[in-house]
Structures are given as C-alpha cells and as structure tokens.
Amino acid sequence: MPVTEVRPEHCEALLQFFRALPEGDLTFIEEEVTDPDVVRSWARGEGGGSRWVAVSEESGGPVVTGYVAVRPLPGWSDHVGRLRLVVSPAARGSGLGRDLARHALVQAVSAGLTKIVVEVVAEQGAALALFTGLGFRGEAVLVDHVRDRSGDLRDLMVLAHHVGDTWAGMSAVGLDDALDGDPA
Ligand SMILES: CC(C)(COP(=O)(O)OP(=O)(O)OC[C@H]1O[C@@H](n2cnc3c(N)ncnc32)[C@H](O)[C@@H]1OP(=O)(O)O)[C@@H](O)C(=O)NCCC(=O)NCCS
C-alpha cells in the first residue's frame, strides 16, 4: 500500500482514521488528532516534524489505514526524533506497520536526525517485535508510567535506534537500499 506524506487531500480520511481507532490506541499519539484544525495544520506543514499515511484509493475517496510521525525533540535534544505509529485494527498483521516505521526511519535519518526513539507499552509484543527488527533496542523502562483503559499501571519501554551505531547493520533490514531509492 502506498505510503505518502500527509497532504490536504488526505485530511478528511485521516480524521476518519483517527476517529475510528479504539480509545486506547489514541493514547499513543500526543496530539489532539481528532481535531480537524490540528490535522489540517499538518497538511500546511505546521505542527513540527514529518508525517506519513498509508492510503488506498477507494470509490468513495482515499482511505487511510496507517499513520506514522517523527517529531524532533526540543532544544538540546533536537537531534533526536520521537516516532509514533498506529495502524487501523483491521489492517494489522500484514506488514503495514513495519513498512510505515521503516519509511519514517529512513526519512528521519535522511533529514539528519541521529537518534530515533519510540515509546512502547511493555506488553505490546507486536510493536516490540516490529521495532527491534528495525534495529531499535531497549534503552529505558519507565515503571508504572502509563494507565491502561482499566486503570491498571503499565511499564513504558523507550526503544532507541542510534544511527551511528546501527548503520553498519542496516543492510540486514534493507534500510541502506531504501535510503538510496526512497523518493518521498
Ligand atoms: C504496533 C502496530 C503499529 C503494528 O502494526 P502491524 O501493521 O500489525 O505490524 P506488522 O504487520 O508490520 O507486524 C510487524 C511484526 O510485528 C509482529 N506482530 C504483528 N502482529 C502481532 C501480534 N498480533 N502478536 C505478536 N506479534 C505480532 C510480528 O513479528 C510482525 O513481524 P512478521 O510479519 O515478520 O511476523 C499496531 O499493532 C498498532 O497500531 N498498535 C497500536 C499503537 C502502537 O502500539 N504503536 C507503537 C508505539 S508508537
């Protein structure tokens, strides 16, 4: 499925995508993503960072099935990008999450970020497998850092991809080819 930068023609479909997500999945994204003004501002290049969507063209218009963003941290950590990824529940398990994460990682590295971090709830097996497969490694565990939908406390893992350290191993996950050939 094509992965493309968020453009004005995607805004309505992207809003629908966010509004249809289970509430728990929205907590992975720090912005007010169900607010039309917020989503439209992204298409104007506002809001900081870069954002991409997986879009399929259906008879009723574009349908968004996945979203990924990388936003640089402020100030003295502006060489670090924080990645957020979510795939619609119906589209999970077919490789879309990996494609989106890989695309965002390649673009972030091309843009000069030297460390990419992602926060994953400790029990999220799919997310852990996906990111470790792309060269991310556990860097910190924040104990009892998030409350799940039932109010129970969960640990949050910070996974990091250090570009300098891991670049040599990137051929293993195909990122070097992607850097040469990725147009978006
Ligand atoms: C994490 C998430 C993005 C994965 O999306 P996805 O499209 O299902 O991921 P993929 O199909 O690319 O799977 C990647 C790997 O995850 C693992 N995986 C996928 N589904 C899994 C499942 N149900 N259980 C365990 N592992 C699973 C597999 O190792 C898979 O690799 P494989 O295809 O070689 O077997 C999706 O579950 C999601 O949106 N979750 C909620 C938000 C979130 O947790 N975001 C991550 C932190 S920002």
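Just so you know, ligand 1 is whichever comes first in the structure, and atom 1 is the first atom listed for that ligand. Given the structure is predicted, the values throughout are model-derived calculations rather than measurements.
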Show the atom names and distances, to 0.1 Å, of all donor-acceptor pairs under 3.5 Å that link a side chain in residues 32-45 to residues at least two apart or in another chain.
unit_1 : atom_1 : unit_2 : atom_2 : d
Asp35  : OD1    : Asp37  : N      : 2.9
Arg40  : NH2    : Glu12  : OE2    : 3.2
Ser41  : OG     : Val38  : O      : 2.6
Trp42  : NE1    : Glu31  : OE2    : 3.4
Arg44  : NE     : Glu46  : OE2    : 3.2
Arg44  : NH2    : Glu46  : OE1    : 3.2

Can I get a per-line list of side-chain donor-acceptor pairs under 3.5 Å for residues 85-101, giving both atom names and the distance, sequence neighbours left out?
unit_1 : atom_1 : unit_2 : atom_2 : d
Arg92  : NE     : Val87  : O      : 2.8
Arg92  : NH2    : Asp25  : OD2    : 2.5
Arg92  : NH2    : Val87  : O      : 2.8
Ser94  : OG     : Ala91  : O      : 3.2

What side-chain donor-acceptor pairs closer than 3.5 Å can you find for residues 114-131, not counting sequence neighbours?
unit_1 : atom_1 : unit_2 : atom_2 : d
Lys115 : NZ     : Glu139 : OE1    : 2.7
Glu123 : OE2    : Arg154 : NH1    : 3.4

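By the 4.5 Å heavy-atom criterion applied to side chains, Trp52 and Thr4 are not counted as neighbours.
Using a heavy-atom distance under 4.0 Å as the criterion, the protein contacts of ligand 1 are Asp25, Phe28, Arg84, Leu85, Val86, Val87, Arg92, Gly93, Ser94, Gly95, Leu96, Gly97, Arg98, Val118, Glu119, Gln124, Ala126, Ala127, Ala129, Leu130.
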Any chance you could lay out the side-chain contact (heavy atoms from CB on, under 4.5 Å) test for Val53 and Arg51, step after step, and finish with the verdict? CA-CA 7 Å; Val53 282; Arg51 300 145 206 287; over 6 Å; no
Run Leu15 and Phe18 through side-chain contact (heavy atoms from CB on, under 4.5 Å) and show every step you take. CA-CA 5 Å; Leu15 271 169; Phe18 286 132; 5.5 Å; no
